[in-house]
Trainee: 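Mind having a look at this structure? Questions to follow.
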Amino acid sequence: MKVLVIGSGAREHALCRSMSLDPDVTALHCAPGNAGIADVAELHAVDALDGAAVTALAQELGAELVVVGPEAPLVAGVADAVRAAGIPVFGPSGEAAQLEGSKAFAKDVMAGAGVPTARSYVCTNAAEIDEALDAFGAPYVVKDDGLAAGKGVVVTDDIEQARAHAGACERVVIEEFLDGPEVSLFAITDGTTVVPLRPAQDFKRALDDDQGPNTGGMGAYSPLPWADPKLVQEVLDTVLQPTVDEMRRRGTPFSGLLYAGLAITSRGVRVIEFNARFGDPETQVVLARLKTPLTGVLLAAANGTLADLEPLRWSEEAAVTVVVASHNYPGTPRTGDPITGLDEVAAQDAPHAYVLHAGTKRDAESGAVLSAGGRVLSVTATGTDLAQARERAYAAVDRIGLDGSQHRTDIAAKAASES
C-alpha cells in the first residue's frame with residue numbers, strides 16, 4: 001500500500017514510524033515532513049492547507065491512503081478535497097472537524113448527545129465575559145473558541161489575566177473549572193463504529209510541578225496505573241459513541257480520530273475538549289504500545305469497514321515521552337540551533353528509546369539537524385513499567401545537545417512512584 005501522511009510534527013513522525021514497520025506499506029511519503037521523518041519516508045513540498053495541492057500530490061504518487069495529521073488542514077477541508085477525488089483519506093471533513101475548530105460547536109454537539117462536560121458560556125463582548133467570570137468564580141477557565149495550537153486556554157486565579165485573555169479573543173468560551181486528574185483517550189471511527197485506543201496522560205504546563213504557562217504538551221505516558229479499569233468502556237459508552245452518533249444524526253458524520261480530553265472529577269468523567277486528530281505528545285506513547293499494524297486500521301476507518309477488524313492488540317509495556325523544547329518556548333522560540341546526540345541515542349538506546357522529530361530541519365550545506373520550532377523533539381521510551389520507561393527516556397534526553405533547550409524532569413514521575 002502507498003501511503004501519504006500530511007504534516008510535519010512529532011505526531012506525524014510517530015505515525016510514519018509506526019507505518020514504516022508495517023509490511024503492507026510498500027511506499028511511505030510525507031508532506032512537508034521534517035528532518036527525522038526523512039529517515040522513514042520520502043518527503044515532498046506541499047502547502048498542507050491547500051486541498052487541491054494535497055490531492056494533486058496524492059494522485060501523482062498513486063497514494064492508496066492519505067492521512068491528514070494536523071488540525072488546521074482538517075478544519076480547512078483538505079480531507080474533503082482528497083475524498084472527492086476518490087482517494088481513501090483518514091481524517092474528518094472540514095465541517096465535522098469543527099468539533100475541534102470551534103469550542104462552541106463542540107459544546108452544542110455534546111449537549112445534543114447528552115455528553116457530560118463542564119457548564120459554560122459563549123461570550124462575544126466584555127459584559128458577557130464579566131458575567132460569565134462572575135458566575136463561575138476562580139479558578140477561571142477561558143478558551144479561545146477557534147484553533148490556537150494548544151495555547152488558546154488560560155486557567156488562572158487572576159481575574160484580570162482571565163479577562164485580558166478573553167478580551168483578546170473574537171469569541172470565547174468560559175466554563176467551570178473541573179477538578180481531578182486529566183486523561184486523553186483517542187478513538188478511531190468510520191462514522192459508525194468506534195474503536196477506542198489506550199488512555200494516556202499529558203503534561204500541559206511548561207515547568208515541573210505543573211507550573212508555568214500552558215503549552216502544546218511537554219510529555220506524556222501510558223498506561224495509567226491509577227485509572228479505573230472500566231474507564232475506557234465508560235468513556236466509549238457515555239462520550240465517544242454518543243458523539244459519533246450525534247454527528248451522524250446531524251448529517252455531518254465524523255470519520256477519523258476523535259480525541260477526548262477528559263477530567264476525572266469528584267462527580268464523574270467530564271469532557272474538557274474534543275480534538276479531531278491524533279494528539280501530540282500522547283500519540284507518541286499510545287502508538288509505542290500498539291501491536292496491531294496501524295495502516296490497516298486507518299484504512300478501515302477511511303473505507304467504513306472498522307466493524308470487520310479484529311480487536312486491537314496491545315503491548316503490556318509502558319511508554320513515556322519527554323518533549324525537548326526551544327529556548328523561550330511557549331513564547332517566541334529561538335530556532336536555527338544545531339542538535340547533537342541524535343546518533344548516540346540511535347546507537348545506544350534503540351530499540352527501547354528513540355527520538356521523534358517535531359520542529360527540526362536539515363541544513364542544506366552542512367547536513368546538520370537544526371531546531372525549527374518551539375517543541376523540537378519527543379524522546380520516547382518503553383519499558384516493563386513506567387519507572388523503567390522513564391529512566392530510559394531521560395537517559396536518552398541527556399545525550400541530546402540543544403543550546404538553551406528546556407524539558408520537564410517530572411514526566412510520569414508521580415505515576416511511576418505509585419505503581
Side-chain angles (χ1 to χ4, degrees), residues 7-13 32 34-36 48-49 69-72 100-101 103 129 139-174 182 184 202-220 261 272-273 275 279-284 321-340 355-361 363 369-379 397 400-411:
S8 60
R11 164 187 51 227
E12 286 75 39
H13 194 176
N34 61 40
L49 297 175
E71 61 273 27
E100 178 169 2
K103 304 290 190 302
I129 290 167
Y140 304 103
V141 181
V142 185
K143 300 181 176 181
D144 190 334
D145 181 53
L147 294 178
K151 300 178 207 171
V153 179
V154 164
V155 181
T156 180
D157 289 323
D158 185 339
I159 192 169
E160 292 306 322
Q161 183 184 5
R163 188 178 285 127
H165 182 67
C169 303
E170 187 173 330
R171 187 162 78 151
V172 67
V173 174
I174 296 174
E182 295 185 10
S184 299
D202 77 332
F203 294 74
K204 290 294 187 193
R205 297 286 186 171
L207 307 176
D208 284 5
D209 299 319
D210 291 327
Q211 301 297 307
N214 265 341
T215 71
M218 296 299 291
I272 300 170
E273 64 176 355
N275 288 338
D280 178 358
E282 300 97 319
T283 299
Q284 290 86 300
T321 192
V322 179
V323 171
V324 177
S326 292
H327 174 74
N328 200 43
Y329 178 78
T332 303
R334 192 175 81 202
T335 60
D337 290 311
I339 303 167
T340 61
V355 179
L356 298 168
H357 292 231
T360 68
K361 65 179 181 180
D363 184 77
V369 176
L370 308 177
S371 63
R375 289 186 297 170
V376 181
L377 304 168
S378 281
V379 180
V397 167
I400 294 169
L402 174 59
D403 188 46
S405 67
Q406 56 178 313
H407 65 272
R408 284 184 57 157
T409 66
D410 62 345
I411 303 301

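Numbers here are sequence positions counted from 1. Heavy-atom basis, side chains included; hydrogens, waters and symmetry copies ignored.
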Trainee: Per the salt bridge (Lys or Arg N to Asp or Glu O under 4.0 Å) rule, what does the pair list look like for residues 157-166, sequence neighbours excluded?
Mentor: D130-R163, E160-R163

Trainee: If I compare all heavy atoms of T335 with all of A372, which pair ends up nearest, and what's the gap?
Mentor: CG2-C, 3.8 Å

Trainee: Please give me the minimum heavy-atom distance between M218 and R205, naming the atom from each residue.
Mentor: CG-O, 3.5 Å

Trainee: Considering all heavy atoms of both residues, which atom of L402 and which atom of P338 are nearest to each other, and what is their separation?
Mentor: CD1-O, 3.7 Å

Trainee: Going by side-chain contact (heavy atoms from CB on, under 4.5 Å), name the residues that satisfy it together with T360, two or more places apart in sequence or in a different chain.
Mentor: N34, A35, I339, H357, V369, V376, L377

Trainee: Quick one: list whatever passes side-chain contact (heavy atoms from CB on, under 4.5 Å) with H327, sequence neighbours left out.
Mentor: R334

Trainee: Enter the distance from K143:NZ to E273:CD here, rounded to the nearest 0.5 Å.
Mentor: 5.5 Å

Trainee: Mark yes or no for whether S326, through its side chain, and G373, through its backbone, hold a donor-acceptor pair below 3.5 Å.
Mentor: yes

Trainee: With sequence neighbours excluded, what pairs up with E282 under the side-chain contact (heavy atoms from CB on, under 4.5 Å) test?
Mentor: S184, F186, A200, D202, A220, Y259

Trainee: Does the pair Y140 and I159 meet the rule for a side chain to side chain contact (heavy atoms under 4.5 Å, CB included), with working shown?
Mentor: CA-CA 7 Å; Y140 304 103; I159 192 169; 3.7 Å; yes

Trainee: Going by salt bridge (Lys or Arg N to Asp or Glu O under 4.0 Å), name the pairs with one or both residues in residues 207-218, residues two or more places apart or in two chains.
Mentor: D210-R408

Trainee: Nearest 0.5 Å please: distance from the OG1 atom of T215 over to the CZ atom of R375.
Mentor: 6.0 Å

Trainee: For I272 and E182, which heavy atoms make the closest approach, and how far apart are they?
Mentor: CD1-CD, 3.5 Å

Trainee: Between N214 and V154, is a side chain to side chain contact (heavy atoms under 4.5 Å, CB included) present by the stated rule, with each step listed?
Mentor: CA-CA 7 Å; N214 265 341; V154 164; 6.0 Å; no

Trainee: Check for a donor-acceptor pair, side chain of T321 on one end and backbone N or O of G219 on the other, with a separation under 3.5 Å.
Mentor: no

Trainee: Under the side-chain contact (heavy atoms from CB on, under 4.5 Å) rule, collect the residues that match up with D145, sequence neighbours excluded.
Mentor: S102, K103, A104, R171, V173

Trainee: Look up atom CG in D280 and atom CD in E71, then write down how far apart they are to the nearest 0.5 Å.
Mentor: 9.5 Å

Trainee: Quick one: does any side-chain atom of S378 pair with a main-chain N or O of V323 as donor and acceptor, under 3.5 Å?
Mentor: no

